[in-house]
Amino acid sequence: MAMTAGEIEAMIKAALPDADVTITDLAGDGDHYAAHVVSPAFRGMTRVAQHKAVYAALGGRMGGVLHALQLTTAVPN
């Protein structure tokens, strides 16, 4: 069963409560999403470390119930 945009957002915000999270269903099929995550917690982290933090928040669901996620991360200005 696929994940909803709301479930993805809730999992990310649970791990990164200060994050601004935007989830977009790219294909309208509930399987292909884009996530843009902006968090002060990313300050001083490499882009790879930022992405790992988001993937960790998703608790191993990538490649399973969460088929595809186009991820962008940033630190707030």
Side-chain angles (χ1 to χ4, degrees):
M1 182 172 173
M3 293 182 72
T4 67
E7 290 171 319
I8 297 167
E9 181 178 354
M11 291 183 79
I12 295 170
K13 284 188 165 248
L16 300 163
D18 60 352
D20 178 20
V21 181
T22 304
I23 306 293
T24 305
D25 187 343
L26 295 174
D29 61 3
D31 278 331
H32 300 85
Y33 290 98
H36 182 69
V37 183
V38 179
S39 174
F42 294 152
R43 196 169 316 281
M45 296 172 73
T46 66
R47 186 80 61 202
V48 170
Q50 293 172 14
H51 285 214
K52 284 183 177 182
V54 174
Y55 292 140
L58 296 171
R61 287 171 178 80
M62 282 301 306
V65 294
L66 181 51
H67 177 72
L69 182 68
Q70 175 185 327
L71 178 60
T72 57
T73 57
V75 176
N77 295 333

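Residues satisfying the side chain to side chain contact (heavy atoms under 4.5 Å, CB included) criterion with K13, sequence neighbours excluded, are E9, V21.
Inter-residue side-chain proximity for Q50 and S39 is flagged as unmet; no heavy-atom pair is nearer than 4.5 Å. Side-chain contact between D25 and I23 is absent, with no heavy atoms from C-beta onward closer than 4.5 Å. Side-chain contact between I8 and Y33 is present, with heavy atoms from C-beta onward closer than 4.5 Å. Residues V38 and T22 fail the side-chain proximity criterion, which asks for heavy atoms closer than 4.5 Å. Within the 4.5 Å cutoff, side-chain heavy atoms of M3 are placed close to those of M11. Contact annotation: the side chain of V37 approaches that of I12 to within less than 4.5 Å [non-hydrogen atoms, C-beta and beyond].
Two different hydrophobic clusters hold V54 and L26 under the rule that ILVMFWY side chains link at heavy-atom gaps under 4.5 Å. Linking Ile, Leu, Val, Met, Phe, Trp and Tyr residues whenever their side-chain heavy atoms come within less than 4.5 Å places L71 and V65 in a single cluster.
Here CZ of F42 is found 7.5 Å from NE2 of H51. Values are rounded to the nearest 0.5 Å.
Between D31 and H67, the shortest heavy-atom distance links the atoms O-CB, 3.4 Å.
Here the side chain of R47 pairs a donor or acceptor atom with the backbone of T73 at under 3.5 angstrom.
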